[in-house]
Amino acid sequence: MTRPYRSALYIPGSRPRALDKARGLPVDVILFDLEDAVTPDEKITARATLAEELGKGGYGARLKVVRINGLDTEWGEDDAKAADAMDCDAVLLPKVNSAADVDALAALTGKPVWAMMETPLGILNALEIAAHPKIEGFVMGTNDLAKDLNTRTRDAMVTSLQMCLLAARAHGVVAIDGVFNAFKDEDGLKVECEQGRDFGFDGKTLIHPAQVAVANAAFAPTEAEIDLATRQIAAFAEAEAGGQGVAVVDGKIVENLHIVTARATLAKAEAIAKLETE
Ligand SMILES: CC(C)(COP(=O)(O)OP(=O)(O)OC[C@H]1O[C@@H](n2cnc3c(N)ncnc32)[C@H](O)[C@@H]1OP(=O)(O)O)[C@@H](O)C(=O)NCCC(=O)NCCSC(=O)C[C@H](O)C(=O)O
Ligand SMILES: [Mg+2]
């Protein structure tokens, strides 16, 4: 069944209290961070803290992804080897520039790989990165990307966001939007989540628990969408039974391709309901 990816919360691996709090948060994905949220002084203890907390369990059915430091840093290789032994579902590699970077991580872990898409070269190579057999997810790193592009606006990053989405969709890879830094600005977060949803992202990366509910709502099918999908499936089945290839619902045509979307909408709603009861 389709797994939801509406909310992906970063948690610094160096903060045991936050790591514990996450066990009770209704997020779909946890990004356990050893990279930018952890200071150099804390890198090695954070790695041990994270291994211990993951070993204790309690994170339920949420997807557990460990973000390691880059393999060009003094911590990256040991992080990768440690993550390989941790109770997690995937390893997230920062600042991926090419498929060769994914090869380098794949040599250190048998876990699926997720890629931070946050450098100009990485964006330009999005297709080969998405095509890598170990890649299962893209996470947009809009802070690093803004820095490298020398921009102050999300508008200037839309091309990059959409290039990554195209590559992800071409290869069946999950794609999660970047963070919204102003974690106390709920209205601003909502606008950006809606935009990410309309671009086609599966969810939003988050930095604070207060952002979870907004992302979960924005990336879930609405009641109206569920109702429409249900009626489209019924109307199309009836049309097919009568020898027609097209139905009309609410004055709009419904063809086989719309039924694929309708079924995906219902499957997502079902997956969310299942995750929320686990
Ligand atoms: C932004 C923060 C530093 C704020 O922390 P804090 O001041 O502790 O917030 P609160 O006092 O409001 O916290 C309330 C309670 O919530 C817990 N908490 C806070 N943040 C998290 C979290 N991320 N996950 C789980 N729990 C969290 C606190 O422990 C409090 O709990 P309690 O004491 O029981 O009440 C902080 O939120 C933070 O550090 N966030 C993560 C920042 C981060 O991960 N940054 C790196 C990722 S962003 C990035 O790198 C993206 C990409 O690479 C790019 O380039 O764009
Ligand atoms: Mg980054």
Side-chain angles (χ1 to χ4, degrees), residues 3 5 7-23 25 27-119 122 129-130 132-141 143-144 168 173-176 178-179 202-203 205-207:
R3 164 186 272 285
Y5 300 91
S7 49
L9 178 66
Y10 285 102
I11 305 183
S14 52
R15 291 184 56 185
R17 197 174 166 89
L19 290 167
D20 185 43
K21 193 176 181 77
R23 292 187 171 92
L25 295 173
V27 289
D28 293 345
V29 181
I30 303 180
L31 302 173
F32 296 98
D33 195 17
L34 296 173
E35 198 218 16
D36 282 351
V38 176
T39 63
D41 287 355
E42 293 179 310
K43 294 282 189 197
I44 291 169
T45 49
R47 192 190 294 147
T49 302
L50 183 53
E52 193 183 328
E53 290 301 319
L54 281 167
K56 287 182 197 164
Y59 293 103
R62 300 168 187 84
L63 194 78
K64 294 167 287 184
V65 179
V66 173
R67 182 166 78 166
I68 63 170
N69 289 283
L71 296 178
D72 56 351
T73 70
E74 62 184 280
W75 309 284
E77 191 169 327
D78 286 343
D79 284 351
K81 290 178 184 160
D84 189 54
M86 288 182 200
D87 179 12
C88 66
D89 302 299
V91 180
L92 175 58
L93 185 63
K95 301 175 182 70
V96 175
N97 283 319
S98 66
D101 290 349
V102 184
D103 282 336
L105 177 57
L108 299 168
T109 176
K111 304 234 187 228
V113 176
W114 282 38
M116 290 296 310
M117 301 302 291
E118 53 185 351
T119 65
I129 298 168
H132 194 288
K134 296 289 287 187
I135 283 287
E136 292 193 358
F138 272 6
V139 176
M140 300 310 304
N143 281 320
D144 272 303
V173 166
V174 170
I176 306 187
V179 295
D202 296 299
T205 45
L206 310 172
I207 51 174

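Computed from a prediction, not measured in an experiment: that's the story for all the values here.
- Note that CZ of R67 and CE of M116 are 5.0 Å apart. Values are rounded to the nearest 0.5 Å.
- Distance check, rounded to the nearest 0.5 Å: CE of M117 to CG of N97 gives 9.0 Å.
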Verdict with reasoning, D144 to K95, per salt bridge (Lys or Arg N to Asp or Glu O under 4.0 Å): CA-CA 8 Å; D144 272 303; K95 301 175 182 70; 3.4 Å; yes

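- The side-chain hydrogen bond (donor to acceptor under 3.5 Å, both in side chains) check on T49 picks up nothing, with sequence neighbours excluded.
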Yes or no on side-chain contact (heavy atoms from CB on, under 4.5 Å) for R3 and D28, after CA distance, side-chain angles and deciding distance? CA-CA 8 Å; R3 164 186 272 285; D28 293 345; 6.0 Å; no

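- In this structure, CD1 on I176 lies 8.5 Å from OG on S7, to the nearest 0.5 angstrom.
- Side-chain atoms of K43 come within 3.5 Å of backbone N or O of V38 as a donor-acceptor pair.
- Using a 4.5 Å heavy-atom threshold, the side chains of I129 and I135 count as touching.
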Between side-chain atoms of residues 13-21 and protein atoms elsewhere (two or more places apart, or another chain), which donor-acceptor pairs fall under 3.5 Å?
from : atom 1 : to  : atom 2 : distance (Å)
D20  : OD1    : R23 : NH1    : 2.9

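- Side-chain contact check for P94 versus E118: some heavy-atom pair is nearer than 4.5 Å.
- To the nearest 0.5 angstrom, E35 atom CD is 9.0 Å from L93 atom CG.
- We find the OH-CG distance between Y10 and D33 to be 7.0 Å, quoted to the nearest 0.5 Å.
- The CD atom of E136 lies 8.5 Å from the CG atom of L63; values are rounded to the nearest 0.5 Å.
- Between L105 and L71 the shortest side-chain heavy-atom distance falls below 4.5 Å.
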Apply side-chain contact (heavy atoms from CB on, under 4.5 Å) to the pair V66 and L50, showing each step before the final yes or no. CA-CA 9 Å; V66 173; L50 183 53; 3.9 Å; yes

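- Shown here are the side chain to side chain contact (heavy atoms under 4.5 Å, CB included) partners of A168, two or more places apart in sequence or in another chain: F138, V173, A175.
- Sorted by first then second residue, the ring-ring contact (aromatic ring centres under 6.0 Å, His included) pairs that include residues 32-55, not counting sequence neighbours, are F32-Y59.
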Which side-chain N or O atoms in residues 75-90 pair as donor and acceptor under 3.5 Å with protein atoms at least two apart or in another chain?
from : atom 1 : to   : atom 2 : distance (Å)
E77  : OE2    : K81  : NZ     : 3.2
D79  : OD1    : R47  : NE     : 2.7
D79  : OD1    : R47  : NH2    : 3.1
D79  : OD2    : N69  : N      : 3.0
D79  : OD2    : N69  : ND2    : 2.7
D84  : OD1    : T109 : OG1    : 2.7
D84  : OD1    : G110 : N      : 3.1
D87  : OD1    : K64  : NZ     : 3.4
D87  : OD2    : K64  : NZ     : 3.4
D89  : OD2    : K64  : N      : 2.7

Check step by step if side chain to side chain donor-acceptor pair (under 3.5 Å) holds for T39 and E42. CA-CA 5 Å; T39 63; E42 293 179 310; 3.2 Å; yes

Which is it for L31 and T205 under the side-chain contact (heavy atoms from CB on, under 4.5 Å) test, yes or no, and what are the steps along the way? CA-CA 9 Å; L31 302 173; T205 45; 3.7 Å; yes

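- For N143, the side chain to side chain contact (heavy atoms under 4.5 Å, CB included) criterion is met by V179, N181, not counting sequence neighbours.
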